[in-house]
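Throughout, protein chains are lettered first and strands after them, A, B, ... in sequence-line order, and every chain is numbered starting at 1. What you see below is based on every heavy atom in this structure, not just the backbone, and it leaves out hydrogens, waters and symmetry mates.
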Amino acid sequence: MDENKIIAERRAKLATLREQGHSYPNHFRRENSAADLQAQYGEMDKEALAEAEPVRVKVAGRMMLRRIMGKASFATLQDHTGRIQIYVTRDELPEGFYNGQFKKWDLGDIVGAEGYLFKTNTGELSIHVENIELITKSIRPLPDKFHGLQDQEVRYRQRYIDLIVNQESRETFLLRSKIVQHVRDFLIRKNFMEVETPMMHVIPGGATAKPFATHHNALDMPLFLRIAPELYLKRLVVGGFERVFEINRSFRNEGLSTRHNPEFTMVEFYAAYTDYHQLMDYTEELLKELAEMAIGSTTVPYQGQEFDFGKPFARLTMKQAIMQYNEGVTAEQLENFESAKALAESLNIKVDEGYGLGKILTEIFEETAEHRLMDPTFITEYPAEVSPLARRNDADPFITDRFELFIGGRELANGFNELNDAEDQAERFKAQVAAKDAGDDEAMHYDEDYITALEHGMPPTAGEGIGIDRLVMLFTDSASIRDVLLFPHMRQS
RNA sequence: GGGUCGUUAGCUCAGCCGGUAGAGCAGUUGGCUUUUAACCAAUUGGUCGAGCGUUCGAAUCGCUCACGACCCA
């Protein structure tokens, strides 16, 4: 990158500072944060503050604004909690410091200041500075102090600049942290135990998706970045950790979009001796808590729409949802292969060679109903054909005891009673391998060790995954997954 | 993968019926001891995303490419 004039000038200032002994010092210990001061003294009126015992404070932060008025100046410092204004006068600093040092500093420099609190004529809480020093010199200029940084590409690629100047961005990631924390607290409150399982798998499993491949040099073997933690978490249930969860990254080798990043965060949790109805109840409870925490309301605004989290979440079977959004379609039509196939084709859905009735129904659902499910809605009775890891329904083996949760037309969670019949699971893996051999590169591998684990006996278990990124998008009203990832994946520039 | 739009000073943006680039902020210099997007005056700063083409002449028109945004599959 070219050294432009602004950077050259700042480098020159830094060189002078070095000659004077500046060495990016680390001795300044702040004692107050901007937000604490605003909270504690922001409401006091000017006179009360002036008459009371002086409140001595010590703050540090990046200088974001400065207004020099001859022999006195105001500047705005920003720390990790917010902003506080400081008031600096020539005559209260050492001889020559105001003109020789302070006035030569730049916006973006990190400054430490000490003094006493007062309120300006316009009522802004400020620090009357008695000591001030430059802690860290910045040699690159900040974006426009008023407009901030608008360029999406730079916001993603140089997130640190975005975070310095765009408060909305800081708030999004602050809320993301709180959401993750709340999910973790919720599960711990429900007596789950947090675990970490491998991210590098010999056999990628637990989802139907293309994996990233890598290689272990010392062992000279291929490895795959995990596409889901599911099979390892269930091995833990076999091992006797009956309630476990993991919040971490999975990786899928697919295209990029406003809803997809190659690495994304899920929470997966598994509980023995429960079923998917219990998980739906947990999920509803958790999401209502999150709405209350994040929005402070049961009405969640998203991209100009509003989703109602206040009422009980709707629960529909997949067939009911199809009928609801396809006028005139009857239950009978959805019960046999030929009529379902005809319906799919009338909807311009491509029906591939290997599709069974279950896959066709799922395609019809995804094409016609999914994107219309605005308020939180659980869809149940997923066909076994599209649910290779889920337990079959006792009354109807065509379907599994499974649900997905949709909000704003998007899938947010997926849960089901786990298949703990090792022989059934082995058969389903074989079907997946057949599909893979037939050209479906997203189909699953046969995981022999997982079958062995199930053969030792896994108690009846229900498990669920919730997409954290999508959850954060929802509660921060973000249009793109990139807005909720600190460092989203970008093409090489 | 397809379509639409965008890429001009460090930042935010004009300029796009072709005639050799402008504003505000930031920077520099001067003024100003309660300002707050401080203000006033002066001033520096650009391979106009990259390449090729059309033209006497291209930021502007055409093509290709890169990157991004949005929509679609």
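Under 3.5 Å, the side chain of A:Y87 and the base of B:U33 form at least one donor-acceptor pair of N or O atoms. Side-chain atoms of A:T89 stay outside donor-acceptor range of the base of B:U33, with no qualifying N/O pair under 3.5 Å.
Of all nucleotides present, only B:G3 satisfies the Watson-Crick or G-U wobble test against B:C70, with each distance under 3.5 Å. Across all strands shown, B:G51 is found opposite B:C63 as a Watson-Crick or G-U wobble partner, with both distances under 3.5 Å. In this entry B:U34 has no Watson-Crick or G-U wobble partner, no candidate having both defining distances under 3.5 Å. B:G18: no Watson-Crick or G-U partner with both key distances under 3.5 Å is found in any strand. As the counterpart of B:C11, B:G24 is assigned, both hydrogen-bonding distances of the Watson-Crick or G-U wobble pattern falling under 3.5 Å.
For A:Q152 and B:G68, the CD to P distance is 12 Å, given to the nearest whole Å. Taking atom CD on A:E124 and atom C1' on B:A37, their separation rounds to 13 Å, with Å as the unit. Distance CD1 (A:I161) to P (B:U12): 10 Å, rounded to an integer number of Å. When rounded to the nearest whole Å, the span between CG of A:L256 and P of B:G68 equals 8 Å. Atom CZ in A:R159 sits about 14 Å away from atom C1' in B:G68, given to the nearest Å. Atom CD in A:Q303 sits roughly 14 Å away from atom C1' in B:A69 (whole-Å rounding). When rounded to the nearest whole Å, the span between CG of A:N348 and C1' of B:A73 equals 13 Å. Whole-Å rounding puts the A:I7 CD1 to B:C11 P distance at 10 Å.
Residue A:K103 places its NZ atom among more than 12 non-hydrogen atoms of other residues, nucleotides or ligands, all under 6.0 Å distant. The neighbour count for A:Q20 CD, taken as heavy atoms of other residues, nucleotides or ligands under 6.0 Å away, is above 12. Within 6.0 Å of CD on A:Q303 lie more than 12 heavy atoms contributed by other residues, nucleotides or ligands. Summarising the local packing, CD of A:E345 is surrounded by more than 12 heavy atoms from other residues, nucleotides or ligands at distances under 6.0 Å.
A:Q492 comes within 4.0 angstrom of the backbone, heavy atoms only, and of no base. Among the atoms of the strands shown, only primed sugar atoms or phosphate atoms (P, OP1, OP2) are found under 4.0 Å from some heavy atom of A:R157. When heavy atoms are screened at a 4.0 angstrom cut-off, A:Y156 is found touching the sugar-phosphate backbone but no base atom. Within the nucleic acid shown, A:Q150 comes within 4.0 Å of sugar-phosphate atoms alone, with no base atom in reach, counting heavy atoms only.
Toward the 5′ end of RNA chain B lies the nearest nucleotide of A:G148, the other residue of the pair A:G148 and A:K119 mapping further downstream. Remark on RNA chain B: of its neighbouring residues A:H489 and A:R259, the 5'-side contact belongs to A:H489, judged by nearest-heavy-atom nucleotide.
Between the side chains of A:E366 and A:H371, no donor-acceptor pair is found at a separation under 3.5 Å. In summary, the side chains of A:Y302 and A:R410 do present a donor paired with an acceptor at a separation below 3.5 Å, with no hydrogens or angles considered. Judged purely by distance below 3.5 Å, without hydrogens or angles, the side chains of A:R226 and A:N248 never pair a donor atom with an acceptor atom. Between the side chains of A:Y156 and A:Q152, at least one donor-acceptor pair of N or O atoms lies under 3.5 Å.
Across B:U4 and B:U43, the matching C1' atoms stand 42 Å from one another, rounded to whole Å. Taking atom C1' in both B:G2 and B:G22, one finds a spacing of 38 Å when rounded to whole Å. On the P atoms, B:A41 is 49 Å away from B:U54, given to the nearest whole Å. With C1' as the reference atom, B:U34 and B:U29 are 26 Å apart, rounded to whole Å. Rounded to a whole angstrom, the distance from the C1' atom of B:G53 to that of B:U60 is 15 Å. Using atom C1' as the reference point in both B:C67 and B:C32, the two lie 46 Å apart (nearest Å). Distance noted for atom C1' between B:C65 and B:A9: 25 Å (whole Å). Distance check on atom P: B:G27 versus B:C72 gives 44 Å, rounded to whole Å.
In this structure, the nucleotide among B:A38, B:U35, B:U12 sitting nearest to the side chain of A:L149 is B:U12. Looking at the side chain of A:D91, the nearest of the listed nucleotides B:U33, B:U34, B:C67 is B:U33. In the set B:G27, B:U12, B:C70, B:C70 carries the atom at the smallest distance from any side-chain atom of A:T258.
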Enumerate the protein-to-nucleotides 3-10 of chain B contacts in which both atoms are nitrogen or oxygen and the separation is below 3.5 Å.
{"residue": "B:G10", "atom": "O4'", "partner": "A:N4", "partner atom": "ND2", "Å": "3.1"}

Please list each protein N or O that sits under 3.5 Å from an N or O in nucleotides 29-32 of chain B, with the distance.
{"residue": "B:C32", "atom": "N3", "partner": "A:I68", "partner atom": "O", "Å": "3.2"}
{"residue": "B:C32", "atom": "N3", "partner": "A:G70", "partner atom": "N", "Å": "3.0"}
{"residue": "B:C32", "atom": "N4", "partner": "A:G70", "partner atom": "N", "Å": "3.3"}

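For the OP1/OP2 pair of B:U12 and a distance below 4.0 Å, the side-chain nitrogens and oxygens of A:K145 include no atom meeting the criterion. Considering only side-chain N and O atoms, A:R140 lies nowhere under 4.0 angstrom from the phosphate OP1 or OP2 of B:A26. The phosphate of B:G68 (OP1 or OP2) has a side-chain N or O of A:R491 nearer than 4.0 angstrom. In this model, the phosphate group of B:A38 is approached by a side-chain N or O of A:R67 to a distance below 4.0 Å at OP1 or OP2. Remark: A:R482 is in phosphate contact with B:A69, judged by side-chain N or O atoms under 4.0 Å from OP1 or OP2.
Of the options A:R140, A:R11, A:K13, a salt bridge (charged side-chain N to carboxylate O under 4.0 Å, His left out) to A:D106 is made by A:K13 and by none of the others.
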Verdict with reasoning, A:L373 to A:F378, per side chain to side chain contact (heavy atoms under 4.5 Å, CB included): CA-CA 9 Å; A:L373 301 171; A:F378 290 110; over 6 Å; no
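With rounding to the nearest 0.5 angstrom, the CZ atom of A:F264 is 9.0 Å from the CZ atom of A:F251.
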Do any side-chain atoms of residues 327-335 of chain A form donor-acceptor pairs under 3.5 angstrom with protein atoms, and if so which ones, sequence neighbours left out?
{"residue": "A:T330", "atom": "OG1", "partner": "A:Q333", "partner atom": "N", "Å": "3.2"}
{"residue": "A:Q333", "atom": "OE1", "partner": "A:T330", "partner atom": "N", "Å": "3.2"}

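A salt bridge is defined here as a Lys NZ or Arg NE, NH1 or NH2 lying under 4.0 Å from an Asp or Glu carboxylate O, and A:D109 with A:R62 fails to meet this definition.
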